[in-house]
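Starting from 1, each residue takes its place in the sequence as its number. Note: hydrogens, waters and symmetry copies are ignored here, and every other heavy atom, side chains too, is used.
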Amino acid sequence: PGAPTPASDAARFFSPDEADVLTAIVERIVDTGLPDAPRVRESGALEAIDRLCASLDPELTRPLPALLRLVEWGPYVFDLAFARFRALPPEAQDVSLRGWMTSSLALRRQGFQALKGLACYGWYSQEESWRLVGYAGPLLRAGGSP
């Protein structure tokens, strides 16, 4: 018999491919442009987003995998670019996301807002990001000590 699956793997919400698309989106949304900013892929941001989505009511999160596929293939449909989102250079990814943000289609704007909320939650819940916004951390640490 094989080794038991860790509990963290059992609670996975996003498939590996969906997580990769989400990572590319989060990287663009929270990009500070600062060379010394921590990389999203090296933080716990995606794991935090995954845990949150796995813990929410499935009625709320069911559309997220489809939304990620739409963003991934959106450049073909909305931007007439013959590449998937992940294959685009960062500047073109920003243009694609801006199209979602400013779209005349309410559903597309709402999708962008959902992704932006998840990106900000994941990124700013990580200690590595706090110094970028001047946040020194909680006044009280876990256990009640300063």
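- Distance check, rounded to the nearest 0.5 Å: CD1 of Ile29 to CE of Met101 gives 9.5 Å.
- Here the CD-CD distance, from Gln126 to Glu47, works out to 8.0 Å after rounding to the nearest 0.5 Å.
- Residues Cys53 and Thr61 approach most closely at O-CG2, 3.6 Å, considering heavy atoms.
- Contact check on Asp20 versus Arg41 returns a salt bridge, with a Lys/Arg side-chain nitrogen under 4.0 Å from an Asp/Glu carboxylate oxygen.
- Taking CZ of Arg109 as the start and NZ of Lys116 as the end, the distance is 13.5 Å to the nearest 0.5 Å.
- For CG of Leu56, the number of neighbouring non-hydrogen atoms (other residues, nucleotides, ligands) closer than 6.0 Å is greater than 12.
- Residues Val95 and Asp79 have side chains not in contact (no heavy-atom distance under 4.5 Å, counting atoms from C-beta outward).
- Inter-residue side-chain proximity for Ser55 and Phe13 is flagged as unmet; no heavy-atom pair is nearer than 4.5 Å.
- Between the side chain of Ser129 and the backbone N or O of Trp123 there is at least one donor-acceptor pair closer than 3.5 Å.
- Under the 4.5 Å side-chain criterion, counting only non-hydrogen atoms from C-beta, Asp94 is not in contact with Asp31.
- Both Val40 and Val133 are assigned to one and the same hydrophobic cluster, defined by single-linkage of ILVMFWY side chains at heavy-atom distances under 4.5 Å.
- Atom CZ of Phe14 is separated from atom CG of Leu68 by 5.5 Å, given to the nearest 0.5 angstrom.
- Between the OG atom in Ser43 and the OH atom in Tyr124 there is a gap of 11.5 Å [rounded to 0.5 Å].
- Side-chain contact between Leu22 and Leu115: present, with at least one pair of heavy atoms (C-beta onward) separated by less than 4.5 Å.
- Using a distance-only test at 3.5 Å, with no hydrogens or angles considered, no donor-acceptor pair links the side chain of Glu72 to the main chain of Arg84.
- By the criterion of side-chain heavy atoms lying less than 4.5 angstrom apart, applied directly or through intervening Ile, Leu, Val, Met, Phe, Trp or Tyr residues, Leu67 is grouped together with Leu105 in one hydrophobic cluster.
- Checking side-chain atoms of Gln93 against main-chain N and O of Ile25 turns up no donor-acceptor pair under 3.5 Å.
- Clustering ILVMFWY residues whenever any of their side-chain heavy atoms sit less than 4.5 angstrom apart, transitively, puts Leu107 in a cluster other than the one holding Val71.
- Nearest heavy atoms, Ala119 versus Val30: O-CG1, 3.9 Å.
- Across Ala48 and Gly122, no two heavy atoms sit closer than the pair CB-CA, 4.4 Å.
- Arg86 and Ala24 get closest at one heavy-atom pair: CG-CB, 4.0 Å.
- Looking at Thr23, its side chain does come within 3.5 Å of a backbone N or O of Ala19 through a donor-acceptor pair.
- The same ILVMFWY cluster, assembled from side-chain heavy atoms under 4.5 Å apart, contains both Val21 and Val77.
- You'll find the side chain of Glu127 stays beyond 4.5 Å of the side chain of Pro38, heavy atoms only.
- The two atoms that bring Glu128 and Gly44 nearest to each other are OE2-N, 4.2 Å, heavy atoms only.
- Counting heavy atoms from C-beta outward, Leu70 and Trp100 have side chains that approach closer than 4.5 Å.
- The CG atom of Leu132 lies 7.0 Å from the CG atom of Asp36; values are rounded to the nearest 0.5 Å.
- Using a 4.5 Å cut-off between side-chain heavy atoms of Ile, Leu, Val, Met, Phe, Trp and Tyr, with links allowed through other members, Leu34 and Trp130 fall into the same hydrophobic cluster.
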